[in-house]
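Computed from a predicted model, the values in this text were never measured in an experiment. Below, all heavy atoms of this structure are taken into account, side chains as well, without hydrogens, waters or symmetry copies.
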Amino acid sequence: MWLLPALLLLCLSGCLSLTGPGSVNGTAGGSLRVRCQYESMYEGYNKYWCRGQYDTSCESIVETKGEEKVERNGRVSIRDHPEAFAFTVTMQNLNEDDAGSYWCKIQTVWILDSWSRDPSALVRVYVSSATTTPRRTTRPATPPIFLVVNPGQNLSTGEVLTQNSGFRLSSPHFLLVVLLKLPLLLSMLGAVFWVNRPQWVPAGR
């Protein structure tokens with residue numbers, strides 16, 4: 001009769017002696033940190049981080065070694081903070097396969113069986129895909145050009161264009177207009193006047 005209450009009390013004491021965030025969220029390519037809090041009686045014990053659906057059969061990934069320093073295994077690291085009665089787990093360079101059930105655990109039992117278990121706290125890790133926002137290229141607006149002439153200042157058309165719009169009479173485009181397009185335009189105008197000239201008819205015919 002006393003065995004079942006004793007086992008229940010043992011389970012509750014182990015569950016309440018270690019707490020975690022319950023769930024954490026991360027982004028693919030980024031990192032996340034998990035902080036688990038324990039009671040002062042477990043200050044000298046090794047802490048570890050394992051993955052699996054059940055705490056009794058999860059696979060250990062990284063664990064402390066009784067020292068206050070970072071222990072690392074690949075992309076996962078763990079560090080004990082005995083002054084705060086807590087330890088932190090950091091997962092870096094996340095990918096979507098890292099999502100799942102993990103456990104914060106304290107190693108108190110060296111031989112695990114169906115009647116004994118380490119204090120543990122379930123932490124569910126969620127990893128969302130990184131979304132990239134396309135960059136929009138905007139061209140700067142071209143400011144309008146206004147012709148500004150001070151009163152009492154006599155400027156020719158060429159000087160006004162040069163000062164206000166940056167148009168230069170010695171530019172290649174201007175020389176092309178003068179040397180090629182202007183003679184062509186004059187030739188066309190001469191041909192039009194020649195065709196439309198008045199016809200003089202001699203008198204008496």
TODO: State, with a plain yes or no, whether a side-chain heavy atom of Glu43 is found less than 4.5 Å away from one of Pro82.
DONE: yes
Open item on the list: Holding to side chain to side chain donor-acceptor pair (under 3.5 Å), I want the full list of residues that pass it with Arg35, two or more places apart in sequence or in another chain.
Closed with: none
Open item on the list: I want to check something: taking the side chain as every heavy atom from C-beta on, are Ile78 and Glu63 in contact at a cut-off of under 4.5 Å?
Closed with: no
TODO: Please tell me if the side chains of Val76 and Thr90 come closer than 4.5 Å, counting only heavy atoms from C-beta onward.
DONE: no
- [ ] Please tell me if the side chains of Lys105 and Trp49 come closer than 4.5 Å, counting only heavy atoms from C-beta onward.
- [x] no
Open item on the list: According to a hydrophobic-cluster definition based on side-chain heavy atoms being under 4.5 Å apart (Ile, Leu, Val, Met, Phe, Trp, Tyr only), do Val62 and Phe87 belong together?
Closed with: yes
Task: Tyr45 atom OH, neighbour heavy-atom count above 12 within 6.0 Å - done: no
TODO: Indicate yes or no: at least one non-hydrogen side-chain atom of Ser17 is less than 4.5 angstrom from one of Glu39.
DONE: yes
- [ ] Report whether Trp103 and Ile106 are members of the same hydrophobic cluster (ILVMFWY, side-chain heavy atoms less than 4.5 Å apart, transitive linking).
- [x] no
Task: Within 6.0 angstrom of Glu83 CD, more than 12 heavy atoms from elsewhere - done: yes
- [ ] Would you mind reporting whether Val123 and Cys104 have side-chain heavy atoms less than 4.5 Å apart?
- [x] yes
Open item on the list: Quick one, Asp98 and Arg75 - any side-chain contact, counting heavy atoms below 4.5 Å?
Closed with: yes
Task: Main-chain N/O of Ala28 paired with Asn95 side-chain donor or acceptor, under 3.5 Å - done: no
- [ ] Identify the heavy atoms of Thr108 and Pro119 that sit nearest to each other, and give their distance.
- [x] OG1-CD, 3.4 Å
TODO: Any chance you could measure Glu71, atom CD, to Asn46, atom CG, to the nearest 0.5 Å?
DONE: 9.0 Å
Task: Flag side-chain contact, heavy atom, 4.5 Å: Cys36 against Thr19 - done: no
TODO: Please check if Tyr42 and Leu122 belong to a single hydrophobic cluster, counting links between Ile, Leu, Val, Met, Phe, Trp and Tyr side chain heavy atoms closer than 4.5 Å.
DONE: no
- [ ] Over all heavy atoms of both residues, which pair between Asp55 and Ser120 is shortest? Give the atoms and the distance, please.
- [x] OD2-OG, 2.9 Å
Open item on the list: Whether Glu67 and Lys69 form a salt bridge (side-chain N of Lys/Arg under 4.0 Å from carboxylate O of Asp/Glu) is what I want to check.
Closed with: yes
TODO: Check step by step if side-chain contact (heavy atoms from CB on, under 4.5 Å) holds for Met91 and Ser31.
DONE: CA-CA 5 Å; Met91 301 176 64; Ser31 61; over 6 Å; no
Open item on the list: Would a single hydrophobic cluster contain both Tyr38 and Met41, if residues Ile, Leu, Val, Met, Phe, Trp and Tyr are joined by side-chain heavy-atom contacts under 4.5 Å?
Closed with: yes
Open item on the list: Run the side-chain contact (heavy atoms from CB on, under 4.5 Å) test on Asn25 and Leu32 for me, step by step, so that the C-alpha distance in whole Å, both residues' side-chain angles and the decisive distance to 0.1 Å come before the verdict.
Closed with: CA-CA 7 Å; Asn25 297 282; Leu32 59 81; over 6 Å; no
- [ ] Step by step, work out the side-chain contact (heavy atoms from CB on, under 4.5 Å) result for His81 and Gln37.
- [x] CA-CA 10 Å; His81 305 275; Gln37 204 79 26; over 6 Å; no
Open item on the list: If we check side-chain hydrogen bond (donor to acceptor under 3.5 Å, both in side chains) with Lys47, which of these qualifies: Thr88, Thr64, Asp80, Asp118?
Closed with: Asp80
Task: Distance, nearest 0.5 Å, that separates SG of Cys58 from CZ of Arg51 - done: 11.5 Å
Open item on the list: Quick check: closest heavy atoms across Gly26 and Leu94, and the distance to 0.1 Å?
Closed with: CA-CD1, 3.9 Å
Open item on the list: Could you report the tightest heavy-atom contact between Gly20 and Ala121, atom names first, then the distance?
Closed with: N-CB, 3.8 Å
